[in-house]
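A, B, ... follow the sequence lines: proteins, then strands. Residue 1 opens every chain.
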There are 2 protein chains.
Amino acid sequence: MADQLSKVFAALADPTRRDMVARLSVADSTVNELAEPYDVSLQAVSKHLKVLEDSGLVSRTRDAQRRPVHLEDNVFDLMTKWIERYKQQAEERYQRLDAVLEAMNADEEANDADFSAASAEGSEDTSSHRKSRKGA
Amino acid sequence: MADQLSKVFAALADPTRRDMVARLSVADSTVNELAEPYDVSLQAVSKHLKVLEDSGLVSRTRDAQRRPVHLEDNVFDLMTKWIERYKQQAEERYQRLDAVLEAMNADEEANDADFSAASAEGSEDTSSHRKSRKGA
DNA sequence: ACTTTATTCAACTAAATGGTTGACTTACGA
DNA sequence: TCGTAAGTCAACCATTTAGTTGAATAAAGT
C-alpha cells in the first residue's frame, strides 16, 4: 500500500482486527488463541495478522512451531500525534474566531446586531486561507 | 458499512482524505477549493467528502450553490479514546511484568540467571488470559 | 429566459479486501 | 520415522473502493 499512517488506520478500520489488538493489549497470543473467538477460518485470521503486522501494530517472534503475536504499542503514538495536531489546530481556530467576534463586538458595540448567526455557519469570511490556496 | 469507529479509521486511511482534514482544520472550504491541489476529478473529491461526511468527520451546510465543508473535530475523541485505552492497557502490562521480574529477582536472588531473556519474548506464561478466553 | 458556477448522480472499470478451501512447511513427540 | 499440531501459501470468489466520464440539478448572474 503506502505510508505507515495509512496502513495503521486501514488496519484498525476492521472490527475484528481492533478486537485482536484489544486482546493483545492484555497478553501476547498465538494465532490459534487469537482465532478462537471468531467465526472465521484460521487462514482468515492469519491474513488479518499479516495486515496488522505490516502496519507495524504487531510483531511476531518464533517459539517452536508457534508464532506468538506481540502488540507494538508505540505505533499508537503515530496516530495520536496526527490526530492531536489537527484537533488542536481546529480548536485554536475556534478560539481565534471567538476572539475576532468578541473584538468586533467590543469595537462596533451597537452597530449590526444579528451578523453573528451568519458567521457561525463558518465559510463566509475565511479569506486568508482562500487566497493562499489559490496561489499555491 | 458499520460502526462509526470503523468508518472514521477507514476514512483516515486515505492520504488524500487526511490531507483534506488537515486543510479543513485551518478553515472551512468549498468542494472546489478542496479539490484544487489534487490531481483528480471534482467528482472524486466529492466522493471523498461523502466518505468523510458519513464517518462524521465533516459536516456540510449550504450557502447558495456552494456546500461549505466543516470539520467536526469532536469525532477525533472517539479515536483517541479507543487508542489510549489499549495503549495504557499494554503499558500497564509491561509495568506488571517488570514488577514480577523484579520480585522474582529479589526472591530467588541467585538461582537461574538467564530466564529473563526468554520471558521478554512474552507469550509463555500468560495463562490467565488463555483460560478466560477458552472458557468464553 | 439563458448561461455559468458549484456540485452531485449514475454507470462503468480496475484494483484491493475479506473471506473461502486445499495443499504445504515446520517442528515437536511417540 | 511417522503422525500431529501450528501456521502459512495459493488460487479463487464476492464485495468494496477509488477513480473515470457524461449527464443532471440548483442557484446565481446577465
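- Mapping His48(A) and Ala64(A) onto DNA chain C via the closest heavy atom, the residue that lands nearer the 5' end is His48(A).
- Phosphate contact (OP1/OP2 of dA6(C), side-chain N/O of Thr30(B), threshold under 4.0 Å): absent.
- For the pair Lys47(B) and Arg60(A), both in contact range of DNA chain D, the more 5′-proximal nearest nucleotide belongs to Arg60(A).
- With distances taken from any side-chain atom of Gln43(A) to the nucleotides dG22(C), dG18(C), dA23(D), the minimum falls on dG22(C).
- Look at Asn32(A) and you won't find any side-chain N or O under 4.0 angstrom from OP1 or OP2 of dA5(D).
- Dashed line: the shortest gap from a side-chain N or O of Ser41(A) to OP1 or OP2 of dG19(C) is not under 4.0 Å.
- Annotation: side chain of Val40(B) is not in contact with side chain of His48(B) (no heavy-atom distance under 4.5 Å).
- Nearest heavy atoms, Ser29(B) versus Leu34(B): CB-CG, 3.8 Å.
- Taking atom CG of Leu49(B) as the reference point, atom C1' of dA18(D) lies 14 Å away to the nearest angstrom.
- For Ala44(A), the listed nucleotide lying nearest its side chain is dT20(C); candidates were dT20(D), dT20(C), dT7(C).
- Put simply, the side chain of Arg67(A) gets close to the backbone of Gln65(A): a donor and an acceptor are under 3.5 Å apart.
- Both Thr16(A) and Leu42(B) lie close to DNA chain C; mapped to their nearest nucleotides by heavy-atom distance, the more 5′-ward contact belongs to Leu42(B).
- The two atoms that bring Leu5(A) and Arg18(B) nearest to each other are CD2-NE, 3.7 Å, heavy atoms only.
- An OP1 or OP2 oxygen of dC9(C) is reached within less than 4.0 angstrom by a side-chain nitrogen or oxygen of Lys50(B).
- Of the listed residues (Val69(A), Leu57(A), Asp14(A), Leu71(A)), just one forms a side chain to side chain contact (heavy atoms under 4.5 Å, CB included) with Leu52(A), and that residue is Leu57(A).
- Taking atom CZ of residue Arg67(B) and atom P of nucleotide dA28(D), one finds them 11 Å apart after rounding to whole Å.
- Proximity of a side-chain donor or acceptor of Arg62(B) to a complementary backbone N or O of Pro68(B) within less than 3.5 Å is not detected.
- Considering only the side chain of Val40(B), dG19(D) comes nearest among dT8(C), dA6(C), dG19(D).
- Going from atom CG of Leu52(B) over to atom C1' of dT7(C) covers 16 Å, rounded to whole Å.
- Summarising the geometry, the separation between CG on Asp14(B) and P on dA16(C) is reported as 13 Å, rounded to the nearest angstrom.
- Dashed line: the shortest gap from a side-chain N or O of Arg62(A) to OP1 or OP2 of dT26(C) is not under 4.0 Å.
- Atom NZ in Lys7(A) sits roughly 13 Å away from atom P in dA16(C) (whole-Å rounding).
- In this structure, CG of Asp39(A) is placed 14 Å from C1' of dG18(C), rounded to the nearest angstrom.
- Arg66(A) has no side-chain polar atom (N or O) that falls below the 4.0 Å cut-off from OP1 or OP2 of dC28(C).
- In this entry the distance linking CD of Glu33(A) with C1' of dG7(D) reads 13 Å, nearest Å.
- Spacing between atom CG of Asp63(B) and atom P of dT5(C) amounts to 17 Å, rounded to whole angstrom units.
- Distances were taken from every side-chain heavy atom of Gln65(B) (C-beta onward) to each of dG18(C), dT5(C), dA23(C); the shortest belongs to dT5(C).
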